[in-house]
Novice: 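Structure below; questions to follow.
By convention here, the first residue in the shown sequence is residue 1.
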Amino acid sequence: MAGRMIGSPDEDRLTPALWGTAAILTVGGFLSMFTSTVVTVALGTIAAGFRAPLGTAQWIATGYLLALAAMVPVSGWACRRFGTTRVWLVCVGLFAVFSALCAAAPSVEALIAFRVLQGAAGGLLVPAGQILFATMVGPKRLGRMMAVLSIPIYLAPVLGTLAGSVLAERFGVPWLFLVNVPLALLCLLLGRKRLPRERPVDTRPLDWRGLALTVTGLPLLVYGFAEAAPIASGAGAILLAVFVVTALRSPAPLLDLRLFRDRTFSSAAAVIFGMGIALFGAMIVLPLYYLDVRHESLVATGFLTAPLALGTVLALPLAGRLTDRIGGARVIFAGLIVTIIGTVPLALLTGSDDYWWLSAVQVVRGCGIGLTTTPALATGLVSVPKERISHAMPLFAMLQRIGGSFGTSVLTAVVAARLAAAPGSAAAVAGAHGWIAVITAIVLIPSWFLVRAEMSTKD
């Protein structure tokens, strides 16, 4: 393996070279997540600029998200076939190119096409970075280092919403995309210099049947949930079910579903899926309270919902250290309790709650999320052999996306229906948070299985 040494995966020490690698991969992951939100807040401006219907412009955001989802199952095979670092570097370069093309798009149709290509590059970028890092750091440093890579997931939506408003208003729509180019080029230059080079580990041909089923089934399922389209979601679920059957029979599947036979892995997967529902559903529901109940502006809503991300980011370093020191299972269980404590006050919302109180509640809830999601990922990977991490990471990412899409669609539909019946009613948002608290409590069940499995291993 060429490149700068970061130490043995069996080490416990966090070396400067390892921190440098983490910084490069974190910025790369941030680009993909940031771009998914920076455009959303400016869709009306983009539609007006191209004189296109808002329904057409919506595909600038939807096409990107669907491409992100479609590429996740492919990421593991691509990393095994071509080498993880090579895949990551190519995707960063393509991300810069497609960002520039988006900025120069002559029509809304061209912009949608370039956004789909940008999403495809971003969809490979995040899991490739996670796979590369997980194989390098080893189990003794996994919790702390995966916490670092998780920061973009929670910061990007907040920063993307705020930056999108400012860039579109003061600098123009092209800068929504051009802002990515210098960061991507910097990542590319530093990555070529510092990231380790590894040989491809699997030259077996691509599972084309599995590829066809997942790259159509997952986007259809995500789209069906997001757009409340039961035919699309049903078709996606059927295609993914067929993929499960074929993957279990295949000697070289696109994704190794036999990993779910391990109780620790399957319990961690259940936690990740459940928290996907609770986390991403709430990220949509709470802004509706500030926008539709308290009638705040979009920028003000961005600031008022930022404490959730702040609490999460503050808790991530502690979550990583505790996971590496005592194991992730008990950290996850405690994090779920804290998340419930931070969600219950939101289930009691009124139309006049003090903003400082709501900010404090969000910080608490964010801390609980930070103590839950990343330790679940690290705990699930600890029992996975190094050569199968490229199968495990995409599976976790798929479950989180499916859970997030399901939670977003269901909770948004519930709130929208109640707000339509009673405009400006805080009870609609409060009721949705009540369901989020219940879902989080249900996740305690698989997390308790993780605690028991971890304690039995140590005994």
Side-chain angles (χ1 to χ4, degrees), residues 32 62-95 98 112-132 134-135 198-225 231-261 265 269 384-402 405:
S32 177
T62 304
Y64 180 88
L65 294 175
L66 292 179
L68 276 180
M71 289 297 103
V72 169
V74 188
S75 59
W77 173 83
C79 291
R80 294 190 298 273
R81 179 64 180 83
F82 301 106
T84 311
T85 297
R86 182 182 299 175
V87 170
W88 192 88
L89 291 173
V90 169
C91 288
V92 170
L94 290 175
F95 197 85
F98 294 137
I112 292 170
F114 292 142
R115 279 285 285 176
V116 169
L117 294 172
Q118 187 189 41
L124 288 172
L125 184 61
V126 174
Q130 292 177 327
I131 292 168
L132 179 62
T135 54
E198 80 281 63
R199 298 178 182 273
V201 297
D202 190 350
T203 57
R204 287 180 291 184
L206 178 62
D207 175 13
W208 288 102
R209 181 188 299 176
L211 175 67
L213 290 169
T214 54
V215 300
T216 54
L218 184 59
L220 277 173
L221 188 64
V222 171
Y223 173 79
F225 284 149
I231 295 177
S233 57
I238 292 172
L239 289 171
L240 290 179
V242 175
F243 166 71
V244 170
V245 174
T246 57
L248 290 174
R249 295 177 178 177
S250 172
L254 183 68
L255 294 171
D256 188 0
L257 301 184
R258 296 176 184 86
L259 287 168
F260 286 101
R261 293 175 180 172
F265 182 88
V384 177
K386 181 179 178 180
E387 64 274 9
R388 300 175 77 186
I389 286 178
S390 61
H391 288 275
M393 197 69 76
L395 286 172
F396 284 150
M398 286 176 63
L399 287 170
Q400 187 177 58
R401 289 181 187 277
I402 293 172
S405 300

Novice: Can you name the closest pair of heavy atoms from Ala121 and Phe95 and give their distance?
Specialist: CB-N, 4.1 Å

Novice: Quick one: pull up CG in Leu132 and CE in Met393 and give me the separation to the nearest 0.5 Å.
Specialist: 10.0 Å

Novice: For Leu399 and Ala269, work out which heavy atoms get closest and say how close.
Specialist: CD1-CB, 3.5 Å

Novice: Could you list the donor-acceptor pairs under 3.5 angstrom formed by side chains in residues 210-218, with sequence neighbours left out?
Specialist:
| from | atom 1 | to | atom 2 | distance (Å) |
| --- | --- | --- | --- | --- |
| Thr214 | OG1 | Gly210 | O | 2.9 |
| Thr214 | OG1 | Leu211 | O | 3.2 |
| Thr216 | OG1 | Ala212 | O | 2.5 |
| Thr216 | OG1 | Leu213 | O | 3.3 |

Novice: Pairs of donor and acceptor atoms involving the side chains of residues 238-256, under 3.5 Å and at least two apart or interchain, shall be tabulated with distances.
Specialist:
| from | atom 1 | to | atom 2 | distance (Å) |
| --- | --- | --- | --- | --- |
| Thr246 | OG1 | Val242 | O | 3.1 |
| Thr246 | OG1 | Phe243 | O | 3.0 |
| Ser250 | OG | Ala252 | N | 3.2 |
| Asp256 | OD1 | Arg258 | N | 3.1 |
| Asp256 | OD2 | Arg388 | NE | 3.3 |
| Asp256 | OD2 | Arg388 | NH2 | 2.6 |

Novice: Apply ring-ring contact (aromatic ring centres under 6.0 Å, His included) to the pair Phe82 and Trp88, showing each step before the final yes or no.
Specialist: CA-CA 10 Å; Phe82 301 106; Trp88 192 88; over 10 Å; no

Novice: Any idea which heavy atoms bring Pro73 and Ala70 closest together, and the distance?
Specialist: CD-O, 3.2 Å

Novice: Looking only at heavy atoms, what is the nearest atom pair of Ser233 and Leu221, with distance?
Specialist: O-CD1, 3.3 Å

Novice: Which heavy atom of Cys91 sits nearest to which heavy atom of Leu124, and what is that distance?
Specialist: SG-CB, 3.4 Å

Novice: In Å and rounded to the nearest 0.5 Å, what is the OH to OG distance from Tyr64 to Ser32?
Specialist: 3.5 Å

Novice: Using every non-hydrogen atom in the two residues, find where Ile131 and Gly76 come nearest and quote the distance to one decimal.
Specialist: CD1-CA, 4.2 Å

